[in-house]
Undergrad: 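Following this message is one structure expressed as structure tokens.
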Amino acid sequence: MIKEIYSLIKELFSRLFSSRLFALALIFTGLFSVLGIHLFQMQIMQGRSYLESHLKSTRKNLVLPGTRGNIYDKDGKLLAYNELQYNITIADTGAFNSTPKGINNRNRMLHKLAIIIEKYQYPILSQFKVILNEDGSFSYTTSSDQDRLRLLANVFRKEPDKLSEKERNSTAEECFEQAKKLYHFNKLTDENGSPISLSDRTALDMIGIIYTLRLTSYQRYMSTNIVENISRECMAEILESKYDLPGVDVENVSVRKYNYAPYLSHIVGYTGQVQEGQLSDLKKIDDSYEVNDIVGVWGLEKSEDLILKGKKGYKEMYLNNVGSIMEVISEEKPMAGNDIYTTISANDQISIYYLLEQELAGILSSKLTENNDLDQSKIKQSQLMIPVKDAYYQLINNNVLNKDHFFSEEAGEAEKEIASRFKQNKEEMLSQIETILNEENGGELSGLPQELQAYMVYIYDYLLSKKGEIVDPEDTRYKSSSAYTQWKNDAISLHDFLMKGIEEGWIDTRKLSLNTEYSDTNEIYALFVQKIMEYLRSDAGFDKLLYKYAIAKQTISGNLLLRALFEQNVLTQDDASYQALAAGDAHTAFTFLLDKIRKIELTPAQLALDPCNGSVVVTDVKTGKIRALVTYPGFDNNRISDAAYLKKCNEDLSLPLLNGATQTQLAPGSSFKPISSIASLEEGVINTSTIIDCTGKYEEVTPNIRCWIWPSQHGNENLVDGIKNSCNYFFADLGHRLATDSKGNYNSELGMERIRKYASDFGLNEKSGVELDEAEPRISTYDPERSAMGQANHAFNAAQLARYITAVANSGSLYKLSIVDKIKDPRNNAVEERTPELEKTLSYSDVTWNAVHEGLRKVITEGVAKSVFIGQNIAVAGKTGTAQEREDRGNHAVFVSYAPYDNPEISVTVNIPYGYSSGNAASLANMVYDYCFGKLSMDTILSRDASNINSLTVSD
């Protein structure tokens, strides 16, 4: 029995070991044993270690921006605040690899996203500083060479200093084409491998998205705004397509909004994304700044960014392999920034802004003349007039009218007529230009009609420009050529000039891509003419020059241009006026234009004639706080992130982005004379009884200095008389005395040293202290006689002059001006009370102060500004200042003042560049006093126009 069982078992094992299944079972058992051991080691023995390693690879930190603090005026009116809106964002989640297939998939995603965005006509928030114009051309959106070179360095993948000359001078279109190539958009295919054709608009949007994203490529999973404030319809379409748009999302974010634009736009400023070149400087201030941050770019938003920006929060989380949040580990909530209350009243800003605009419009309308052939070569700058043809041209030159729309299918009757006349005139002019260029005996430049001379000069400028790069203006061969000298003297034709350049080798023939067959000078010249003519046919600047002369010779009439204002909705529709212009003559057009300027339906800013801008600063003389800081024109800081709007502002000849109150530096003219008076009294070169006999011409220096009263004279004057009469002779003599030492020796530098000392006493050697971007002042460096009069090379802005006259008004307390009053936290708790710093107290004698104050009061009651302040019962003291900069433009108009005279409360400083006469600045200040002391209400100001304002001339 046992043997049988043994035999059976033996037979079974024999069969088992001889079976192939046994061998397989043994192998699988071994494999599963190994697997089991490894699983045991991974999950039991080393489970914690592997888990920590896995979690480490998927754990990410997300930065949460803090909510920006608000900005208020002194009455608690909201100037800058935050508003929730939906933005399209994109983040690099690593969903696309760097293989050709991965790149193509990424580009297909960008294409789909761009198409959705274009469907709703939203602009891309792009750091790629190139824009597509309405006419299909490209241009840079930055005027900074540094920004442009950084952009080119990025698209050429080089350091800026490694760029070749050709790359450095790439046009905007060439930069665009290089970016398309860099991102492989020219190789884009669909799922079937068929090429996808991109419009320039779509390609530019795609470039804008990926270029901006690449700037934050080191911050994977950090989202970047690419479109702001989308509609719910757009949001729904983005979310529905989210599976096909990895990394794209819609976020509910807080965005900056501004009230009271344009009246406070220069004060409040605006925010924007950190620019690539800013980051290193910002990190020196606060290392929490990152390239994706929104920061202050201008105004208080910039200067008080650390106070407003708040504190970032952080979120630590687990992400899956496509970047979706799986679990939040920890979170630190962001903190809101503090609020700023200014010393400025919004109502004051608005009221004074309109007073300034009305004054400019009144000056402008009184300066317009129908006489287009007026000879103004021998008249004073205060008496210059503006030919109406210049005003009509500005409708084109300052882009009030869209000249491209003249040629569109939707153009109106007048627009079509303008287009037809322009086209015909252009062909005629191009034909004449080409004929002149091809004439071997074309004659000297001076022998051509003025219009054709202008076209030849335009071509010459093109040859030397970065656009042309045909002549290097620094080439020594060019500068030493006789052709260069002859051109400067208008004694050579452009034909001969170019031929000379070809022969002498300073004309760059490489721009022609010459073949070997073109070796003859005449053939090379013919190619240059061809290149020039091609450029003129497509250049917008040349078109504007054509318009200028077409308007001057009335090929395109003022009547047509004014009717086009209605057709383009620049002016409110008025059929009666439109028909009157259609049926009327040139005088009809002139009176219509004059009426629209006086009613400010066409603004000084739009026309950008002299004057078109200005500034007013009102201070509290007892505290140094600024009550109003007005610059005209302003801009809409809510739209500044729109590249098209920014480009329009940058091209606007009225300079709306410039803060005139803190950045426009002009000679102070006679408004500087009180400082010279104080210097002379304190240095003992005169006393209050000293008499100086004004003969009308000061002959102690060469060239002689003529008093404004010449050929008459002021006669004997003491200091008070000299200030009252603003006598140039008197103050030239003070400058001379300041330059003469106790032994009677004249030393120009001694005079300048003394003038600089007292100008510095009044803070004119430094910025005013206002918490805004400000230009550095300049105290004159030569000519004590003219420097004492406020001429030579003095240069100050309105804020700096306001600081000086504030110290005069309060008899020596020099404050650092301020527009920030207090700071509060988000719970309305006080954080900081700001009081303007009293920098110094000027300890001049009472005799000095009394004499200067008396002189400044008599300027108003008896002197040069008496006619301006007739009927004013507020006791104003002040000084006019008229400064000449150019002979072909009006003088700058300045007025510094304070009131009431016996117990000063406020100072008012007015600066009107090219304002013809300081009488105009004084007239505006007079109205500002009426408003500040309650004689003129805001409602009255807003309801009136410039019909009763005329240009006023005072002598100083």
Side-chain angles (χ1 to χ4, degrees), residues 665 667-695 697-707 714 716-723 725-766 776-796 800-801 803-805 807-808 812 814 839-849 851-852 855 879 881 883 956:
Q665 303 290 84
S670 296
S671 67
F672 187 83
K673 288 175 179 175
I675 292 178
S676 303
S677 302
I678 291 170
S680 299
L681 289 170
E682 289 295 304
E683 291 296 324
V685 299
I686 64 166
N687 57 44
T688 55
S689 301
T690 300
I691 299 297
I692 295 175
D693 180 17
C694 168
T695 61
K697 183 192 291 186
Y698 191 74
E699 298 180 331
E700 292 296 319
V701 294
T702 303
N704 299 159
I705 296 173
R706 290 183 179 181
C707 187
H714 284 115
N716 291 336
E717 297 171 301
N718 61 20
L719 179 68
V720 171
D721 296 328
I723 297 174
N725 296 327
S726 195
C727 177
N728 289 338
Y729 185 104
F730 188 95
F731 283 93
D733 193 58
L734 290 191
H736 197 76
R737 293 181 184 220
L738 286 168
T740 304
D741 65 20
S742 58
K743 296 179 180 180
N745 299 314
Y746 178 84
N747 183 344
S748 175
E749 183 49 40
L750 172 65
M752 293 312 307
E753 181 183 331
R754 287 170 164 177
I755 289 171
R756 283 194 294 269
K757 174 186 181 301
Y758 287 90
S760 299
D761 277 355
F762 286 95
L764 292 178
N765 61 326
E766 61 186 5
E776 291 282 354
R778 183 178 66 238
I779 300 173
S780 181
T781 57
Y782 66 93
D783 196 339
E785 291 77 16
R786 288 175 173 80
S787 295
M789 294 161 49
Q791 303 291 340
N793 65 336
H794 288 299
F796 312 115
Q800 290 153 7
L801 292 177
R803 185 187 186 205
Y804 136 59
I805 200 62
V808 171
L814 183 70
E839 183 174 329
K840 66 177 85 167
T841 300
L842 305 176
S843 55
Y844 303 147
S845 71
D846 290 341
V847 171
T848 295
W849 285 121
V852 171
K879 187 68 195 76
D956 61 351

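All values below come from the heavy atoms of this structure, side chains included, with hydrogens, waters and symmetry mates left out. Computed from a prediction, not measured in an experiment: that's the story for all the values here.
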Undergrad: Quick check: closest heavy atoms across Ser787 and Ala792, and the distance to 0.1 Å?
TA: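 Looking at all heavy atoms of both residues, the closest pair is OG-CB, 3.4 Å.
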Undergrad: Restricting to non-hydrogen atoms, name the atom on Leu814 and the atom on Gly763 that form the minimum distance, rounded to 0.1 Å.
TA: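 Residues Leu814 and Gly763, closest heavy atoms: CD2-N, 3.7 Å.
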Undergrad: Treating Asp956 as the side-chain partner and Gly881 as the backbone partner, does any N or O pair qualify as donor plus acceptor under 3.5 Å?
TA: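 Side chain of Asp956 to backbone of Gly881: a pair is present.
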Undergrad: Does Glu766 have any side chain to side chain donor-acceptor pair (under 3.5 Å) partners at least two apart in sequence or in another chain, and if so, which?
TA: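 If we apply the side chain to side chain donor-acceptor pair (under 3.5 Å) test to Glu766, skipping adjacent residues, the hits are Arg803.
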Undergrad: Between Ser671 (side chain only) and Pro668 (backbone N and O only), is there a donor and an acceptor less than 3.5 Å apart?
TA: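 Indeed, once roles are kept as given, a pair shorter than 3.5 Å links the two residues.
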Undergrad: Within the side chain of Arg756, is there an N or O that forms a donor-acceptor pair under 3.5 Å with the backbone of Ile779?
TA: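 No, because the side chain of Arg756 does not come within donor-acceptor range (under 3.5 Å) of the backbone of Ile779.
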Undergrad: Looking at every non-hydrogen atom in both residues, tell me the closest pair between Ile723 and Ala851 and how far apart they are.
TA: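 That would be CD1-O, 4.4 Å.
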Undergrad: Could you give the distance from CD1 (Ile805) to CD (Gln800), rounded to the nearest 0.5 Å?
TA: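 CD of Gln800 is found 14.5 Å from CD1 of Ile805.
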Undergrad: Of all residues at least two apart in sequence or in a different chain, which pass the side chain to side chain contact (heavy atoms under 4.5 Å, CB included) check with Glu699?
TA: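 Counting only residues at least two positions away or on another chain, Glu699 forms a side chain to side chain contact (heavy atoms under 4.5 Å, CB included) with Lys697, Asn704.
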Undergrad: Can you check whether Cys694 reaches Phe730 side chain to side chain, under 4.5 Å on heavy atoms?
TA: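 Not in contact.
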Undergrad: Would you check if Ile686 and Arg737 make a side-chain contact, meaning some heavy-atom pair closer than 4.5 Å?
TA: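 They are in contact (side-chain heavy atoms under 4.5 Å apart), so the answer is yes.
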Undergrad: Quick check against the 3.5 Å criterion: does Asp761 have a side-chain atom that pairs as donor or acceptor with the backbone of Leu842?
TA: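 Not a single qualifying donor-acceptor pair exists.
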Undergrad: Side chain to side chain donor-acceptor pair (under 3.5 Å) with Asp783: which residues, sequence neighbours excluded?
TA: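 Here the qualifying residues are Arg786.
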Undergrad: Taking the side chain as C-beta and beyond, is there a heavy-atom pair between Glu785 and Tyr698 under 4.5 Å?
TA: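 Glu785 reaches Tyr698 side chain to side chain.
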Undergrad: Give a yes or no on whether the ring-centroid distance for Phe672 and His794 is below 6.0 angstrom.
TA: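 Close enough - the centres of the two rings lie under 6.0 Å apart.
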Undergrad: Is there a side-chain contact (heavy atoms from CB on, under 4.5 Å) between Tyr782 and Met752 once you walk through the steps?
TA: CA-CA 7 Å; Tyr782 66 93; Met752 293 312 307; 5.5 Å; no
Undergrad: Atom CD1 in Ile705, atom NE2 in His736: separation rounded to 0.5 Å?
TA: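 Result: 10.0 Å between the selected atoms.
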Undergrad: If you look at every heavy atom in Ser677 and Leu734, which pair is closest and at what distance?
TA: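 Result for this residue pair: CA-CD1, 4.4 Å.
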Undergrad: Go through the steps to decide whether Ile692 and Glu717 satisfy the test side-chain contact (heavy atoms from CB on, under 4.5 Å), and finish with yes or no.
TA: CA-CA 5 Å; Ile692 295 175; Glu717 297 171 301; 5.6 Å; no
Undergrad: Where do Tyr746 and Asp741 land on the side-chain contact (heavy atoms from CB on, under 4.5 Å) test, with the steps shown first?
TA: CA-CA 7 Å; Tyr746 178 84; Asp741 65 20; over 6 Å; no
Undergrad: Looking at Gly722, is its backbone amide N or carbonyl O close enough to the side chain of Asn725 to form a donor-acceptor pair, meaning the two atoms are under 3.5 Å apart?
TA: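 Side chain of Asn725 to backbone of Gly722, a donor-acceptor pair under 3.5 Å: no, none is there.
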Undergrad: Regarding Asn745 and Thr740, is there a side-chain donor-to-acceptor distance under 3.5 Å anywhere?
TA: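 Note: Asn745 and Thr740 side chains miss the donor-acceptor criterion.
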Undergrad: Would you mind reporting whether Lys879 and Ser670 have side-chain heavy atoms less than 4.5 Å apart?
TA: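 Yes. Closest side-chain heavy atoms under 4.5 Å.
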Undergrad: With sequence neighbours excluded, what pairs up with Thr690 under the side chain to side chain donor-acceptor pair (under 3.5 Å) test?
TA: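 Side chain to side chain donor-acceptor pair (under 3.5 Å) list for Thr690, sorted by chain: Asn687.
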Undergrad: Distance from Glu749 atom CD to Thr781 atom OG1, nearest 0.5 Å?
TA: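 Going from CD on Glu749 over to OG1 on Thr781, the span is 9.0 Å.
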Undergrad: Quick one: which residue pairs count as a salt bridge (charged side-chain N to carboxylate O under 4.0 Å, His left out) with a foot in residues 669-690, not counting sequence neighbours?
TA: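 Salt bridge (charged side-chain N to carboxylate O under 4.0 Å, His left out) check on residues 669-690 returns Glu683-Arg754.
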Undergrad: Is there a side-chain contact (heavy atoms from CB on, under 4.5 Å) between Phe762 and Ile678 once you walk through the steps?
TA: CA-CA 11 Å; Phe762 286 95; Ile678 291 170; 3.4 Å; yes
Undergrad: State, yes or no, whether a side-chain contact exists between Cys727 and Asp721 at a heavy-atom distance under 4.5 Å.
TA: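 No, side chains not in contact.
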Undergrad: To the nearest 0.5 Å, what is the distance between CG on Leu764 and OG on Ser780?
TA: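 Interatomic distance, Leu764 CG to Ser780 OG, rounded to 0.5 Å: 12.0 Å.
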Undergrad: Starting at CD1 of Ile675, measure out to OG of Ser680 and round the result to the nearest 0.5 Å.
TA: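 One gets 11.5 Å once the value is rounded to the nearest 0.5 Å.
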Undergrad: Would you give the length of the straight line joining atom CZ of Phe731 to atom OG of Ser676, rounded to the nearest 0.5 angstrom?
TA: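 Rounded to the nearest 0.5 Å, the CZ-OG separation comes to 6.5 Å.
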Undergrad: Would you find a donor on one side and an acceptor on the other, under 3.5 Å apart, between the side chain of Thr848 and the backbone of Tyr844?
TA: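 Such a contact is absent between Thr848 side chain and Tyr844 backbone.
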Undergrad: If you define the side chain from C-beta out and look only at heavy atoms, does anything of Leu681 sit under 4.5 Å from Val847?
TA: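 Side-chain contact under 4.5 Å: no.
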Undergrad: Using the test side chain to side chain donor-acceptor pair (under 3.5 Å), find all partners of Thr688 that sit at least two apart in sequence or belong to another chain.
TA: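 For Thr688 there are no side chain to side chain donor-acceptor pair (under 3.5 Å) partners, ignoring immediate neighbours.
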Undergrad: I need the minimum non-hydrogen distance between Leu738 and Ala679, along with the two atoms involved.
TA: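 Taking Leu738 first and Ala679 second, the nearest heavy atoms are CD2-O, 3.9 Å.
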